[in-house]
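Notes follow the structure.
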Amino acid sequence: MGDPSSGTPHQSDFERGRATARSMSDRELLDLHAQGASAFRAGAWDVLDAEVRRRQRVRDRQTTEPHVEEERYPALRITVVLVKVSSAVVLIATVAIGLIYLGTNALAALLIVVVGLLAAVSYWAAAELLVVLMDIEANTRFLRRDQQ
């Protein structure tokens, strides 16, 4: 795993070792780790141990739920609900008006339904965008607090 003349490992050996450790299943990695440091060369053990610690940190982060002290942005949350309700109202109105115009002018009815569907989907997407932005803010705040 290194330069035979100097006895030191190459950087590429470490990279290959990291890639191999990352490709192992949790069970394989833990079985190797259970053998202890004496079963491996120093560089190989360091890579193996670092990967076990990295996976544990990932598991710890995934199991920790973001704790929100207060419900932030109540006006935005109300706005999200109102925009989604508006989207549903536009959709229902579009279908109703389209059916009314269907008897007199089929092309106008089709145009009304298409424009109404686009408007309803746009309203719903805008509401979801607000939710995504609030989630990003909450996750950023959680990660910032986690790093301190």
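Everything quoted here is computed from the prediction, not taken from an experiment.
In this structure, the separation between CZ on R141 and CD1 on I136 is 13.0 Å, given to the nearest 0.5 Å. Rounding to the nearest 0.5 Å gives a distance of 9.0 Å between CD of E51 and OG of S23. Within the model, atoms CG of D26 and CZ of R55 stand 5.0 Å from one another, a figure rounded to the nearest 0.5 Å. A distance of 8.0 Å separates CG in D31 from OG in S25, rounded to the nearest 0.5 Å. With rounding to the nearest 0.5 Å, the separation of CD1 in I92 from CD1 in I97 is 12.0 Å. Note that CG of D135 is 11.0 Å distant from CG of L130, once rounded to the nearest 0.5 Å.
Under a hydrophobic-cluster definition in which Ile, Leu, Val, Met, Phe, Trp and Tyr are linked whenever side-chain heavy atoms come within less than 4.5 Å, directly or via other members, L91 and V113 are assigned to the same cluster. Linking Ile, Leu, Val, Met, Phe, Trp and Tyr residues whenever their side-chain heavy atoms come within less than 4.5 Å leaves L110 and V115 in two separate clusters.
Without hydrogens or angle criteria, S87 side chain to V83 main chain gives no donor-acceptor distance under 3.5 Å.
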Checklist entry - Going through the checks in order, is the side chain to side chain contact (heavy atoms under 4.5 Å, CB included) test met by K84 and W124? => result CA-CA 5 Å; K84 285 184 177 183; W124 195 273; 3.6 Å; yes
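For the pair G98 and A109, the tightest heavy-atom approach, listed with the atom from each and the gap, is O-CB, 3.3 Å. Across V90 and G116, no two heavy atoms sit closer than the pair CG1-O, 3.8 Å. Looking at every heavy atom in both residues, L117 comes nearest to T94 through N-CG2, 4.2 Å. Across all their heavy atoms, H33 and D49 have their closest contact at NE2-OD1, 2.8 Å.
Between T20 and the choices M24, R22, R18, the side chain to side chain contact (heavy atoms under 4.5 Å, CB included) rule is met once, by M24.
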